[in-house]
Colleague: 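Okay, here's the structure, questions in a sec.
Proteins get letters first, then strands, A, B, ... in listed order; numbering begins at 1 in each. Only a predicted model underlies this, so the values are computations on that prediction, with no experimental measurement involved.
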Amino acid sequence: MSLKPYLIQALTEATKALDLPAVAVRIAPSKNPKFGDLSTNLALIVAKPAGKNPYDTALAIKGRLSLDADKIAEVTVTPPGFINFKLSEHYYYGLLATILNEGRGFGRGTSGKGKSANVEFVSANPTGPLTVGHGRQAVLGDTVANILEWHGFDVTREYYYNDAGRQMRLLAESVAARYYQELGRDVPLPEDGYQGEYIVEIARQIINRLGDNLSPGDPSFRREAEKHIFNNIKATLTRMGIEHDRFTNEKSFYESGAITEFINDLRAKGFIYEAEGAVWFKTTALGKTQDRVLIKSTGEPTYRLPDMVYHRNKLERGYELIIDIFGADHQDTYPDVLIALEALGYDISPIRVLIHQFVTLVRSGEKVKMSTRKATFITLEELIDELGPDVVRFFFIMRGMNSHLNFDLDLAADQSEKNPVFYLQYAHARIVNIIRHGENLGYEFTKDYDPTLLKHPSELALLKKLDQFPDIMSTALEILEPQIVANYLLSLATHFHKFYTECRVITENHPLSQARLALISAVRIVLNSGLKLLGVNAPERM
RNA sequence: GCGCCCAUAGCUCAGUUGGAUAGAGCGUUGGCCUCCGGAGCCAAAGGUCGCAGGUUCGAAUCCUGCUGGGCGUACCA
């Protein structure tokens, strides 16, 4: 149980009693221990409109506070007017008991209880293996889903795809060409065809399973290619611990008539007109600078239209939260989708769009240009082969989605031993090892320990770090930026490793050993929770 | 041209509703293993937070302009 709500209430009452302006009180961990454990800038904010000196105001607020000495050991005021709180050691001892009692439930939120959420991610069409770029999105999406689940949401992980477009046709033609080439006929790949080696593999499989006399337009080419590729995509995702609950095919919206219905609904609202043989969406009437084509002059809808229908479909399924994860190349399309839904009177507030920047692959100091069609990409599968799923997941998640990620393949492979993920996992393995070592010497873990024996600075620092976990997790839910969890865990591991070098756990001093065993057990719980959330293993041995 | 994103140590990046001395890893230099795993710890060096203004008691963070880069700006998806 964090102290923040308690302090916020006390501070709010004090400002009220002093007749100062009411503002939202913010409390943050102090960066420098000199300033206690928690600080607030309340007086700085409140003094100005009241025409008072911030420092004196801080002192006045402090004078009005009556705090439980079991929780707060000391209150100080520092220039220019910060109020600092030093937490009592008893508070941290209580925290330790809480973590051990709650176990993996520690820090879990309830704000999503009884609510459902949908996270759509990856959504690559089955035209080729997943690339490294898809990998970033896959990990990001899965981790965001984990964060939601942590806070109680019932999450559906969804994969949206289109297996009927031009690219799929091209794929089928490419497979057919390779099929005939394998049979010794000189059939060229279509222009702009798919050149990857996997196309040849699919062709060979078709020969093995369906024989050698398929005609050029046989639907088996497309069907077999899709099946093969989709199986590979799913297998790759599975290796990273990612399972989608639901696959939605764009085609279903054509078959159900939802596409036509959508156009009709927009037309009824007056947002549709026809020109140059195409059907246009009058986005200029809704504040945009350019109208958009929804149905081409060929009669085929553009990608925008099914996207709109798909989002209407998700809204109608009744999720409290709908998260779309897109690459930066989609940034311009979702506003049109949202505008269309609003035009039809939908409340779009459940929809939250997360845009991630691209991954630039660097090999031998040079950028690798990626194209699925030309097969010049590095596949996600290859990356996992090289680095292992834990490293891949952690690498993608430890950076903010807004950063243009430079992925140096040589470096990642060379430094795999020094990779931060091993640092984290090593902390966990170390804890398990110490506990095992203790058991061998007859130290049973017991809840009957004396926490007041934990007085060493690195012990207290570790406790303070553990105290931040629930806050970190709720911030992660607000901002949906998983890297703050990764950064927190690294910092926790650092505190643990420091503690380890300074404080021996298993010693002749039994009571102290018991207390330290309790401490590292708590660290283990939080590490486990955090790593699980990131989808990274917490190994007992390395 | 217009829109979105980015620019922080030699390199890769943290720094999230504006706070106190801007951090970490890698790399470089120098220390720490009779004892729970050295995949660890400690220390040093390394910064005009792209540039110039502005707002503020206080700016890497907010605003404006500029420079440089990524992605869009299709009757491709």
Side-chain angles (χ1 to χ4, degrees), chain A residues 24 26 28 30-32 34-35 39-41 44-45 47-48 53-55 78-82 84 123-125 127 162 165-168 250 276-280 289-290 292-304 306-307 327-333 335 355-358 360 362 398-408 411-412 414-427 429-431 433-438 440-441 443 475-476 478-481 483-484 486-487 490-491 493-494 496-507 513 516 520 541-542:
Chain A
R26 191 108 35 86
S30 310
K31 277 184 186 166
N32 190 325
K34 187 168 75 183
F35 302 127
S39 305
T40 179
N41 59 356
L44 291 162
I45 292 169
K48 179 86 185 279
N53 174 294
Y55 190 80
T78 49
F82 289 102
N84 312 303
S123 296
N125 289 337
T127 57
N162 172 19
R166 209 189 69 170
Q167 295 302 321
M168 288 302 290
E250 183 182 311
E276 302 162 45
V279 176
W280 295 73
T289 53
Q290 197 183 354
R292 302 290 191 182
V293 169
L294 291 186
I295 301 179
K296 304 180 214 171
S297 49
T298 60
E300 273 182 300
T302 62
Y303 64 94
R304 261 173 246 271
D307 269 9
D329 54 341
H330 281 62
Q331 71 197 5
D332 246 24
T333 83
I355 304 275
H356 66 90
Q357 299 303 314
F358 281 168
T360 305
V362 179
M398 68 185 291
R399 256 86 242 225
M401 67 180 91
N402 272 329
S403 77
H404 300 260
L405 186 55
N406 257 332
F407 198 128
D408 188 323
L411 207 66
D414 284 354
Q415 294 186 343
S416 61
E417 283 195 351
K418 295 251 176 192
N419 198 295
V421 70
F422 293 124
Y423 180 81
L424 261 182
Q425 293 181 319
Y426 183 51
R430 239 182 182 174
I431 290 170
N433 195 60
I434 295 168
I435 292 171
R436 191 161 44 218
H437 179 76
N440 290 340
L441 297 178
Y443 288 79
T475 305
E478 277 172 42
I479 65 178
L480 296 177
E481 289 263 21
Q483 86 275 9
I484 75 160
N487 290 332
L490 285 174
S491 168
T494 298
F496 167 73
H497 285 308
K498 189 173 164 64
F499 156 80
Y500 173 88
T501 51
E502 292 178 0
C503 299
R504 201 183 156 77
V505 176
I506 306 299
T507 67
S513 298
R516 287 181 171 166
I520 66 169
R541 283 195 168 86
M542 291 176 70

Colleague: Nearest to the A:H497 side chain among B:A39, B:A20, B:C41, which nucleotide is it?
Modeller: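 The answer is B:C41.
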
Colleague: Let's test this: given Watson-Crick or G-U wobble pairing with both distances under 3.5 Å, identify the partner of B:A7.
Modeller: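 Base partner found: B:U67.
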
Colleague: Of the nucleotides B:G19, B:U12, B:C75, which has the atom closest to the A:L44 side chain?
Modeller: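 Among B:G19, B:U12, B:C75, the one nearest the side chain of A:L44 is B:G19.
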
Colleague: Between B:U67 and B:C51, how far apart are the C1' atoms? Round to whole Å, please.
Modeller: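 Rounded to whole Å, the distance is 7 Å.
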
Colleague: What's the gap between B:U16 and B:G53 when it is taken at their C1' atoms, as a whole Å value?
Modeller: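 Each nucleotide's C1' atom is 26 Å from the other's.
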
Colleague: Suppose you measure atom P in B:U29 against the same atom in B:G46; what distance do you get, rounded to whole Å?
Modeller: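 Those two atoms are separated by 16 Å.
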
Colleague: Can you check the A:N402 CG to B:G69 C1' distance for me, whole Å?
Modeller: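 After rounding, the gap between these two atoms is 15 Å.
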
Colleague: May I ask you to verify if any side-chain N or O of A:Q483 is less than 4.0 angstrom from the OP1 or OP2 atom of B:G15?
Modeller: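 For A:Q483, the contact criterion (side-chain N or O under 4.0 Å from OP1 or OP2 of B:G15) is met.
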
Colleague: Find the distance between CG (A:D307) and OG1 (A:T333) and round it off to the nearest 0.5 Å.
Modeller: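 Rounded to the nearest 0.5 Å, the CG-OG1 separation comes out at 5.5 Å.
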
Colleague: Checking A:S491 side chain against A:N487 main chain: does a donor-acceptor pair fall under 3.5 Å?
Modeller: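 It does not hold such a pair.
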
Colleague: Can you tell me how far C1' of B:C36 sits from CD1 of A:I520, to the nearest Å?
Modeller: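 Result: 8 Å.
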
Colleague: If you only use heavy atoms from C-beta on, which nucleotide in B:C36, B:G15, B:A77 is closest to the side chain of A:N125?
Modeller: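 The listed nucleotide nearest to A:N125's side chain is B:A77.
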
Colleague: So, OP1 or OP2 of B:A77: does either fall under 4.0 Å of a side-chain N or O from A:R304?
Modeller: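 For B:A77, neither OP1 nor OP2 has a side-chain N or O of A:R304 closer than 4.0 Å.
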
Colleague: Per the atom types in the model, does the base of B:C75 pair as donor or acceptor with the side chain of A:T298 at under 3.5 Å?
Modeller: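 By the distance-only test, no, there is no pair.
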
Colleague: Rounded to whole Å, how long is the line connecting atom CG of A:L490 with atom C1' of B:C26?
Modeller: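 My rounded result for the distance is 14 Å.
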
Colleague: Any donor and acceptor pair, going by atom type alone, linking the side chain of A:R516 with main-chain N or O of A:R504 inside 3.5 Å?
Modeller: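 Side chain of A:R516 to backbone of A:R504: a pair is present.
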
Colleague: Does a side-chain N or O of A:K498 approach OP1 or OP2 of B:G40 to a distance below 4.0 Å, or not?
Modeller: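 So the side chain of A:K498 is outside the cut-off, no N or O lying under 4.0 Å from OP1 or OP2 of B:G40.
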
Colleague: Using a heavy-atom cut-off of under 4.0 Å over every strand shown, decide if A:D307 touches base, sugar-phosphate, or nothing.
Modeller: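 Result for A:D307 = nothing.
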
Colleague: Can you find a side chain N or O atom of A:T501 that sits less than 4.0 Å from OP1 or OP2 on B:C42?
Modeller: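 No, outside the criterion.
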
Colleague: Kindly point out which of B:A20, B:G70, B:C13 is positioned nearest to the side chain of A:Q357?
Modeller: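 Closest nucleotide among those given: B:G70.
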
Colleague: Between B:C75, B:C71, B:A39, which nucleotide has the shortest distance from any of its atoms to the side chain of A:D329?
Modeller: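 Looking only at side-chain atoms, A:D329 lies closest to B:C71.
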
Colleague: Please state how far atom CZ in A:F407 lies from atom P in B:C13, giving the value in whole angstrom units.
Modeller: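 My rounded result for the distance is 11 Å.
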
Colleague: Do the side chain of A:D332 and the base of B:A74 come within less than 3.5 angstrom through a donor-acceptor pair of N or O atoms?
Modeller: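 By the distance-only test, no, there is no pair.
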
Colleague: Is any side-chain N or O of A:H404 under 3.5 Å from a base N or O of B:C5, one able to act as donor and the other as acceptor?
Modeller: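 Under the 3.5 Å cut-off, the side chain and the base do form a donor-acceptor pair.
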
Colleague: Report yes or no: is there a donor-acceptor pair, N or O only, under 3.5 Å between the side chain of A:Y426 and the base of B:A39?
Modeller: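 It does not, because no donor-acceptor pair links the side chain of A:Y426 to the base of B:A39 below 3.5 Å.
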
Colleague: Both distances under 3.5 Å, Watson-Crick or G-U wobble: report the partner of B:C62, or none.
Modeller: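 Answer to the pairing question: B:G54, which forms a Watson-Crick or G-U pair with B:C62.
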
Colleague: Which nucleotide, in any strand shown, forms a Watson-Crick or G-U wobble pair with B:A39, with both distances under 3.5 Å?
Modeller: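 By the stated definition (distances under 3.5 Å), nothing pairs with B:A39.
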
Colleague: Across all strands, who's sitting opposite B:U73 as a Watson-Crick or G-U wobble pair, both distances under 3.5 Å?
Modeller: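 With both distances under 3.5 Å, B:U73 matches B:G1.
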
Colleague: Under 4.0 Å from OP1 or OP2 of B:A74: is there any side-chain N or O of A:K296 that close?
Modeller: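 A:K296 to B:A74 OP1/OP2: no side-chain N or O under 4.0 Å.
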
Colleague: With no angle test and no hydrogens, is the base of B:A20 tied to the side chain of A:S30 by a donor-acceptor pair under 3.5 Å?
Modeller: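 Per atom types, no contact qualifies.
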
Colleague: Can you say whether a donor on the side chain of A:N41 sits under 3.5 Å from an acceptor on the base of B:G19, or the other way round?
Modeller: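 Yes, a donor-acceptor pair under 3.5 Å.
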
Colleague: Do A:Q331 and B:C71 share a donor-acceptor pair, side chain to base, under 3.5 Å?
Modeller: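 Looking at the base of B:C71, it does pair with a donor or acceptor on the side chain of A:Q331 (distance under 3.5 Å).
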
Colleague: Where the side chain of A:F358 is defined as all heavy atoms beyond and including C-beta, which of B:C76, B:C36, B:C71 is the nearest nucleotide?
Modeller: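 Side chain of A:F358 sits closest to B:C71.
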
Colleague: Rounded to whole angstrom units, what separation is found between the CZ atom of A:F422 and the P atom of B:G38?
Modeller: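 In whole Å, B:G38 P lies 18 Å from A:F422 CZ.
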
Colleague: Is the base of B:C33 syn or anti, where syn means the angle lies within 90° of 0?
Modeller: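 Base orientation relative to the sugar is syn.
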
Colleague: Should we say atom CZ of A:R436 is surrounded by more than 12 heavy atoms from elsewhere, each under 6.0 Å from it?
Modeller: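 Yes, the 6.0 Å shell around CZ holds more than 12 heavy atoms from other groups.
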
Colleague: Between the main-chain N or O of A:T127 and the side-chain N or O of A:N125, is there a donor-acceptor pair closer than 3.5 Å?
Modeller: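 Judged by distance alone, no pair lies under 3.5 Å.
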
Colleague: OP1 or OP2 of B:A74 versus the side-chain N and O atoms of A:Q290: is any pair under 4.0 Å?
Modeller: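 True: A:Q290 side-chain N/O within range (under 4.0 Å) of B:A74 OP1/OP2.
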
Colleague: Can you find a side chain N or O atom of A:Y423 that sits less than 4.0 Å from OP1 or OP2 on B:C41?
Modeller: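 True: A:Y423 side-chain N/O within range (under 4.0 Å) of B:C41 OP1/OP2.
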
Colleague: Sort out the partner of B:A45 for me: Watson-Crick or G-U wobble, both distances under 3.5 Å, none otherwise.
Modeller: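 Pairing partner: none.
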
Colleague: Using atom types as modelled and distance alone, determine if a side-chain donor or acceptor of A:T40 lies under 3.5 Å from a backbone N or O of A:R26.
Modeller: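 Between the backbone of A:R26 and the side chain of A:T40 there is a qualifying donor-acceptor contact (under 3.5 Å).
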
Colleague: Which of the following nucleotides, B:U73, B:G18, B:G38, is nearest to the side chain of A:R292?
Modeller: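 Ranking B:U73, B:G18, B:G38 by closest atom to the A:R292 side chain puts B:U73 first.
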
Colleague: Do we count A:F35 as stacking onto B:A20 if the rule is ring centres under 5.5 Å and planes under 30°?
Modeller: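 Answer is yes, a stack.
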
Colleague: Among B:G38, B:G18, B:C75, which is the nearest nucleotide to the side chain of A:R430?
Modeller: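 Shortest atom-to-atom distance from the side chain points to B:G38.
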
Colleague: What is the distance from CZ of A:F496 to C1' of B:G40, rounded to the nearest Å?
Modeller: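 Rounded to whole Å, this separation is 10 Å.
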
Colleague: Does any donor-acceptor pair link the side chain of A:E276 with the base of B:C75 at a separation under 3.5 Å?
Modeller: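 Indeed, a donor on one side and an acceptor on the other fall under 3.5 Å apart.
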
Colleague: Between A:Y443 and A:T507 (side chain of the first, backbone of the second, donor and acceptor by atom type, cut-off under 3.5 Å), is there such a pair?
Modeller: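 Confirmed, A:Y443 side chain pairs with A:T507 backbone.
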
